[in-house]
Amino acid sequence: MPLRPHRGRKTGGFAVKILARACGLVLALILFAAPQKAFAQDCSTICTDGETCIAAGLYPYVPDTEAFASAICSAWTAAGQTEKLYLIADENVWDGGYSSDPVYTNGSGTQVPIDVFVYDAMYLQYWQTQTTPVPASAISDASDFVSYASKALTQNDGSMLALPMLGCTNIMFYHDDDSGMDGVTSLSDFLSVNPAGVYISPVPFDRTGAMMNMSGKTTIAVDYMVKGLLDNGSWPSMNPLDQSIIDAMAQIAERASWYNALTGAIPSLPGVEDQYVRAGYFSEGYGRTSIGFSESMSQMSDATRAGLKLRAFPWTDTANAPNMFYSDVVGVNNASTFLNGGGTLPFTLANLMTEQAVVQDAIAPPSGELSYLFPARNSVLNALSAQDPLYTQMAAVLNGADSVLVTMPTTDRDAFHNFGGTVETAVRGAFTGSCDLESTTFPGSTAEAPAICRPLCANSGGWVGSWTNEAPPAWPGYSACGCAQCTAESPLPTTVQEPSAMIMSGPALRRYNRN
């Protein structure tokens with residue numbers, strides 16, 4: 001799912017967020033080799049030439065891929081399947097379909113198809129050309145799938161283009177004592193309740209301001225398309241851009257900050273995956289609302305979750321607008337050799353991966369933590385709603401309005417990614433507001449600030465008079481000066497290459513003259 005940022009990599013002094021939508025608005029992907037995790041029942045053992053072995057690519061951008069691998073592997077064995085199963089949860093091999101092709105290098109060095117793979121249905125039109133529909137006879141309890149996914153995936157003969165596993169939508173998280181946020185039902189409400197320019201740093205400095213990740217070419221492209229659809233009832237043209245949509249997206253970004261919304265340059269938090277860092281800061285008392293996918297709650301404290309309210313983010317003022325849901329779905333590769341001669345094993349595996357018991361064990365493992373992922377089966381959502389009140393709220397989001405599966409009107413992933421770059425540039429150009437730049441020199445008083453901040457902001461529109469050395473909003477180990485123009489990808493000095501190079505000493509961190 002675009003919008004679903006995944007584990008960040010440290011580069012140039014900040015974590016670059018890789019956005020995928022699980023959910024999961026998203027994606028500037030630069031892939032590095034990473035070891036395959038070991039899973040239960042040896043489903044991590046790679047296939048080799050000459051052995052009967054079926055491979056499945058899992059969606060990598062979830063809080064706990066091991067829980068999915070364990071649930072699927074155990075179910076495969078329990079079902080009496082004797083064929084070897086190899087589960088791939090390495091994003092460098094299979095990234096959920098954003099840029100990867102469904103092939104991998106096996107243990108003998110041969111390129112072979114990934115027989116079954118979980119992909120983001122936002123690219124359904126693209127993957128429809130490379131997958132084989134799952135016959136109705138091979139699907140268990142198809143009526144249990146959530147309706148928005150069934151409507152989009154089911155064909156006239158009852159077969160499905162792919163089988164839905166997970167879903168997600170953009171959710172506003174806020175505190176249950178916030179009556180202002182509780183009254184937000186339209187985009188105008190959101191913009192009114194959350195004024196622009198509350199903070200200009202990567203992170204808010206207290207329980208004010210919104211946090212939302214629109215960075216990444218895939219994420220911002222999908223946001224543009226969704227907003228256009230909800231405003232006008234049809235997908236907007238990709239060329240030329242609709243300036244009214246661009247301006248509205250810039251206004252949304254201004255309720256966050258340049259960095260938080262449009263570059264993803266945010267300090268990491270210990271114990272919190274970078275893809276959920278906004279939820280982590282929200283849990284620690286920063287920001288009035290954090291906007292993300294439901295699984296973000298897995299990174300919040302018990303105390304925060306106990307006082308949490310959820311509502312779908314309102315992209316529009318259009319009355320009775322549907323919720324736009326993303327879905328991670330399981331497709332069967334046209335190129336799978338197990339389909340030769342009328343073979344059905346890939347259909348069996350795809351069905352097993354999306355069965356009620358497997359999905360429930362994957363997102364709510366009996367001996368693990370709840371991931372707060374949105375299941376694509378009503379039975380799982382109902383069962384979890386009986387266990388956790390947050391799942392009851394999630395069910396209310398799903399059932400509170402009509403829901404539509406997000407599927408982009410394109411069969412060209414590369415072209416859509418490039419289109420996202422055009423949208424990103426346009427939204428940044430329409431953004432109005434100031435930005436913090438970081439300095440390794442710490443002001444010790446208001447009198448000292450001008451000598452530090454004026455030269456720092458000289459090439460960024462000049463100094464607006466605000467500064468701080470509190471973290472956040474300043475990056476840990478730095479002080480920050482408010483500059484009139486936003487142009488930098490990161491607030492950190494360009495000489496800083498890695499977080500380890502940051503200066504971590506200085507005067508007591510405290511805020512002085514925050515505008």
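Heads up: numbering here begins at 1 and tracks the sequence.
- For the side chain to side chain contact (heavy atoms under 4.5 Å, CB included) test, residues two or more places apart in sequence or in another chain that qualify with Ala79 are Gln81, Leu352.
- Nearest heavy-atom pair across Ser490 and Tyr259 is C-CE2, 3.7 Å.
- Checked against side chain to side chain donor-acceptor pair (under 3.5 Å), Asn106 has the following partners two or more places apart in sequence or in another chain: Asp49.
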Below 3.5 Å, can you tabulate the donor-acceptor pairs from side chains in residues 404-411 to any protein atom, sequence neighbours excluded?
{"residue": "Thr410", "atom": "OG1", "partner": "Asp412", "partner atom": "N", "Å": "3.0"}
{"residue": "Thr410", "atom": "OG1", "partner": "Asp412", "partner atom": "O", "Å": "3.4"}

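- Ring-plane geometry between Phe416 and Phe419 is classed as tilted, the angle between the planes lying from 30 to 60 degrees on a 0 to 90 degree scale.
- Taking a cutoff of 4.0 Å between a charged side-chain nitrogen and a carboxylate oxygen, Arg207 and Asp177 qualify as a salt bridge.
- A 4.5 Å side-chain heavy-atom check between Ile72 and Leu58 finds at least one atom pair inside the cut-off.
- Under the salt bridge (Lys or Arg N to Asp or Glu O under 4.0 Å) criterion, Asp414 pairs with no residue, sequence neighbours left out.
- A heavy-atom distance below 4.5 Å is found between the side chains of Met249 and Ile220.
- In this structure, CG in Leu229 is found 9.5 Å from OG1 in Thr318, a value given to the nearest 0.5 Å.
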As a quick check of understanding, evaluate side-chain contact (heavy atoms from CB on, under 4.5 Å) for Met353 and Leu163, giving each step before the final call.
CA-CA 9 Å; Met353 291 170 66; Leu163 303 185; over 6 Å; no
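- Under the side chain to side chain donor-acceptor pair (under 3.5 Å) criterion, Asp141 pairs with Ser143, sequence neighbours left out.
- Counting heavy atoms from C-beta on, the side chains of Ser290 and Tyr281 never come closer than 4.5 Å.
- Counting only heavy atoms from C-beta outward, the side chains of Phe68 and Val358 never approach each other to under 4.5 Å.
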List, one per line, each side-chain donor-acceptor pair under 3.5 Å for residues 337-347, sequence neighbours excluded.
{"residue": "Asn340", "atom": "ND2", "partner": "Thr337", "partner atom": "O", "Å": "3.3"}

Asp182 vs Tyr174, test: side-chain contact (heavy atoms from CB on, under 4.5 Å). Steps then yes/no.
CA-CA 8 Å; Asp182 208 37; Tyr174 59 96; 2.6 Å; yes
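- In this structure, Leu384 and Met394 have side chains that are not in contact, with every pair of non-hydrogen atoms separated by 4.5 Å or more.
- For the pair Ile171 and Met297, the minimum side-chain heavy-atom distance is 4.5 Å or more.
- In this structure, the salt bridge (Lys or Arg N to Asp or Glu O under 4.0 Å) partners of Asp101, at least two apart in sequence or on a different chain, are Arg413.
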Test Asp95 against Tyr61 for side-chain contact (heavy atoms from CB on, under 4.5 Å), laying out the working first.
CA-CA 8 Å; Asp95 70 354; Tyr61 310 128; 3.4 Å; yes
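- Using cut-offs of 30° and 60° on the angle between ring planes, the pair Trp94 and Phe117 is tilted.
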Which atom pairs, donor and acceptor, lie under 3.5 Å between side-chain atoms of residues 362-375 and protein residues at least two apart or in another chain?
{"residue": "Ser371", "atom": "OG", "partner": "Ile363", "partner atom": "O", "Å": "3.0"}
{"residue": "Ser371", "atom": "OG", "partner": "Leu373", "partner atom": "N", "Å": "3.4"}
{"residue": "Tyr372", "atom": "OH", "partner": "Asp388", "partner atom": "OD2", "Å": "2.7"}

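- Contact check for Leu166 versus Val62: side-chain heavy atoms found under the 4.5 Å cut-off.
- Under the side chain to side chain contact (heavy atoms under 4.5 Å, CB included) criterion, Ala248 pairs with Lys227, not counting sequence neighbours.
- Evaluation of the side chain to side chain donor-acceptor pair (under 3.5 Å) rule for Arg377 yields Asp144 as partners, not counting sequence neighbours.
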What donor-acceptor contacts under 3.5 angstrom involve side-chain atoms of residues 148-156, with partners at least two apart or in another chain?
{"residue": "Ser150", "atom": "OG", "partner": "Val146", "partner atom": "O", "Å": "3.4"}
{"residue": "Thr154", "atom": "OG1", "partner": "Ser150", "partner atom": "O", "Å": "2.8"}
{"residue": "Gln155", "atom": "NE2", "partner": "Ser159", "partner atom": "OG", "Å": "3.0"}

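- Not counting sequence neighbours, Thr392 has no partner by the side chain to side chain donor-acceptor pair (under 3.5 Å) test.
- Close placement of the Phe190 and Phe313 rings is indicated, their centers lying within 6.0 Å of each other.
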